[in-house]
Amino acid sequence: MRFSQIFGHTLKEAPSDAQAVSHQFLIRGGYIHQVAAGLFSYLPLARRVMNKIENILHDEMADIGGQEITMPVVLPAEMWKESGRWYQIGSELTRLKDRKDRDMVLAMTHEEALCDLARKYIRSYKEMPRLVYHIQTKWRDDPRPRAGLIRVREFKMKDSYSLDTDWEGLDKQYRAHYQSYFNIFNRCGLDVLAVKSDTGMMGGKIAHEFMYLTPIGEDTIIYCDDCGYNSNRQVADFKKPRAVKEDLLETEKIETPDCKTIDDLADFLDIPESKTAKAVFMVATIQEDKETEVEKFILAIVRGDMDLNETKLANAVKAKELRPAQEEEIKAIGAVPGYGSPIGVKGAFIVIDDLAAESTNLVAGANEAGYHLLNVNCGRDFTPDLIVDIAAAQSGHDCINCGSELQSEKAVEVGNIFKLGTRYSEAMNCMYQDENGKLNPIIMGSYGIGVGRLLSCVVEQHHDDYGIIWPISIAPFQVHIILLHDKKGTEASETAEKLYADCKTAGIDALIDDRKESPGVKFNDADLVGIPIRLTVGRRALDQGGVELKVRGRAESEIVPIDIIMRRLKEIIEELKAELAEKLEIVEYKE
RNA sequence: CGGAAUGUUGCCUAGUGGCUAAGGCGCCUGCUUUGGGAGCAGGAAAUCGGAGGUUCGAGUCCUCUCAUUCCGACCA
């Protein structure tokens with residue numbers, strides 16, 4: 001392609017709305033255009049990168065037996081009602097009516113569509129296992145799009161779905177994806193970590209998320225350097241300290257003015273935070289059956305030095321939604337915000353963390369402004385409805401496996417794999433006949449990768465102060481030919497054009513900067529756009545009998561004689577490909 | 001949905017209630033220039049996000065509203 005013909009152009013300055021590095025470079029480089037919050041147009045350069053990523057996806061899917069299909073973006077609501085998600089998901093799911101007044105949804109993912117397809121086509125155990133996938137647009141009316149392509153409302157996703165007759169089959173396909181995903185990310189030059197995750201709205205049994213570690217990420221990973229344990233913080237386990245057991249003392253009410261936080265309280269009484277009980281008031285929405293849901297007031301207690309893990313709590317009480325309680329709601333059960341405890345409250349479901357339950361003589365709120373109670377003991381002074389782990393792991397805690405100190409890091413989720421099991425097939429009556437003629441639900445798995453998110457994470461990982469440094473595998477072009485016009489003759493432009501034509505013949509993706517711009521403009525744009533190999537054709541190099549070859553991101557450059565340039569180009573391309581290939585490896589599957 | 005910030009030309013910014021809203025980048029025309037964002041000359045491009053209000057007078061003050069961004073809630 002000719003730079004002079006590209007639709008779109010580079011910008012010297014990024015719009016002030018763009019904060020994330022990838023967002024800035026993608027806009028400045030003329031890759032993407034923001035249409036509204038979380039909505040982007042992909043210009044030709046980005047589209048080329050997407051195509052290359054998608055080719056890798058097709059390739060790796062084919063490798064594990066995936067068959068490409070396409071399912072619609074607009075789906076009848078009926079199947080979402082069958083699965084229950086029509087009722088479970090809030091305004092993130094966009095509902096609309098067609099002209100006949102029929103309820104429809106914009107698909108945010110395609111489990112229902114696939115299940116509907118499977119129940120109509122799969123009849124016998126002989127038709128399984130199967131793996132189908134598509135690369136399709138998804139819509140989620142996310143309340144908070146951010147950071148360019150990292151979190152958007154409309155996005156393309158590679159979604160695959162496995163169909164099996166037994167759990168061993170699911171496990172096999174699951175593990176195949178686990179490896180396949182590492183291959184995909186490695187081929188794109190993105191370093192990821194697979195971590196155990198919550199199953200969230202997808203439901204199902206086991207799930208892993210593929211995480212790119214970066215401070216701009218929204219998820220927190222808890223990991224152990226010593227034994228390799230890692231997990232999304234939402235479900236991270238840790239070895240809790242041993243509860244301090246003392247003889248139970250008499251409860252005593254004391255005055256604690258202006259001690260609304262654990263911090264204040266511990267300071268005021270000059271005791272460690274671990275000697276206090278933290279009460280957190282939440283309201284859980286619980287789905288009783290398909291049509292009815294009830295709100296339940298939850299009083300959660302963790303030891304004062306711990307944080308509540310809302311995902312653990314939500315799972316423990318089987319809540320569909322969990323939100324902080326409002327002041328009036330807290331007062332209504334007889335508690336006082338800032339001085340709350342389970343003692344004397346009515347109508348709350350009390351959940352206490354196992355560590356807090358075992359700890360003795362804690363300081364807890366008196367449910368009276370300005371007062372706390374000393375020596376509060378679970379079981380004696382109040383009776384919990386549930387004792388379960390609801391504390392959040394954090395860096396500094398002990399690893400559940402080896403006891404070493406845990407670390408934490410921010411990350412972006414670029415892919416995930418779920419063992420759905422029969423979550424959807426049972427709800428939607430997606431059955432097959434086994435050898436004995438008996439009907440059984442199909443066992444499913446679902447596996448997703450966000451294409452745009454992957455693209456932007458690659459930019460986050462591969463850039464410098466001047467622009468993007470694309471891995472050769474997904475760069476919009478492999479070679480960027482810069483023509484520096486030479487007024488004295490036509491040698492430069494003839495050489496550049498010949499190189500461009502030779503690249504085309506050799507099957508090398510080349511971009512030629514044939515614009516009437518000054519050298520500075522061209523070099524800066526080349527750095528910004530980030531094509532891995534740059535060939536500069538100008539007087540200086542021609543006088544030395546060649547053209548200048550420079551690899552983006554490397555400091556040195558070389559003058560390559562014109563008669564061997566194509567050979568050298570192919571060598572460098574192979575070298576860059578080999579660098580990426582080095583990262584491909586068989587990974588060990590970790591539960 | 002809570003908290004905060006910002007909306008001035010395609011982009012970045014200036015603009016104390018007072019003259020015809022200013023500059024840089026980019027864009028168009030011409031000349032010149034070609035190894036790291038060149039120079040000269042000329043030009044186009046803004047109903048100052050929108051609505052209402054205060055005022056002799058509003059880009060500037062007030063109210064409402066919309067949009068975008070950031071923090072939180074949320075997030076396969």
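Within every chain, numbering begins at 1; the chains are lettered A, B, ... in the order of the sequence lines, protein sequences first and strands thereafter.
Between A:Gly538 and A:Asp159, it is A:Gly538 whose nearest contact on RNA chain B lies nearer the 5' terminus. Map A:Gln19 and A:Pro15 each onto its nearest nucleotide of RNA chain B; the residue landing nearer the 5' end is A:Pro15.
Although no hydrogens or angles enter the test, the distance criterion places no donor-acceptor pair under 3.5 Å between the side chain of A:Arg95 and the main chain of A:Asp103. Between the side chain of A:Arg552 and the main chain of A:Arg534, no donor-acceptor pair closer than 3.5 Å is present.
When the C1' atom is used for both B:rU54 and B:rC61, the distance is 8 Å, rounded to whole Å. Nucleotides B:rC56 and B:rC71 are separated by 45 Å at their P atoms, to the nearest Å. When the P atom is compared between B:rC64 and B:rU60, the two are found 16 Å apart, to the nearest whole Å. Separating the P atom of B:rU69 from that of B:rU8 is a span of 14 Å, rounded to the nearest Å. Remark: the separation of the C1' atoms in B:rG7 and B:rC75 is 28 Å, to the nearest Å. Nucleotides B:rC27 and B:rA45 are separated by 9 Å at their C1' atoms, to the nearest Å. For the P atoms, the distance from B:rA44 to B:rA22 is 13 Å, rounded to whole Å.
Within 4.0 Å (heavy atoms only), A:Glu517 reaches at least one base atom of the nucleic acid. Across all strands, A:Ala20 comes closer than 4.0 Å to no nucleic acid atom at all (heavy-atom distances). Residue-level contact check: A:Ala18 touches neither bases nor backbone, having no heavy atom under 4.0 Å from any strand. Contact annotation for A:Asp219: no contact, since no heavy-atom pair falls under 4.0 Å across all strands. Here A:Pro143 lies in heavy-atom contact (under 4.0 Å) with a base. Among the protein residues, A:Glu310 comes within range of the sugar-phosphate backbone only, with heavy atoms under 4.0 Å from sugar or phosphate atoms but none that close to a base. Nucleic acid contact for A:Asp486: none, since no nucleic acid atom lies under 4.0 Å from a heavy atom of the residue. In this structure, A:Arg534 reaches the bases: a heavy-atom distance under 4.0 Å links it to at least one base atom across the strands shown.
Pairs of Watson-Crick or G-U wobble type, with distances under 3.5 Å, assemble into runs of 3 or more in RNA chain B at these ranges: B:1-7 with B:66-72, B:10-13 with B:22-25, B:27-31 with B:39-43, B:49-53 with B:61-65.
A sub-4.0 Å separation between OP1 or OP2 of B:rC11 and a side-chain N or O of A:Ser16 is absent. Regarding contacts with the backbone of B:rU33, every side-chain N or O of A:Ser518 stays at 4.0 angstrom or more from both OP1 and OP2. Listed pair A:Lys12 / B:rG26 meets the phosphate criterion, a side-chain N or O lying under 4.0 Å from OP1 or OP2.
Distance CG (A:Leu39) to P (B:rA67): 13 Å, rounded to an integer number of Å. Counting to the nearest Å, the P atom of B:rC74 and the CZ atom of A:Arg233 are 12 Å from each other.
Not a single donor-acceptor contact under 3.5 angstrom links the side-chain atoms of A:Arg144 to the base of B:rC70. For B:rG26, its base never sits under 3.5 Å from the side chain of A:Arg28 at any donor and acceptor pair.
Under a cutoff of 6.0 Å and an axis angle of 45°, A:Lys138 and A:Phe155 do not form a cation-pi pair.
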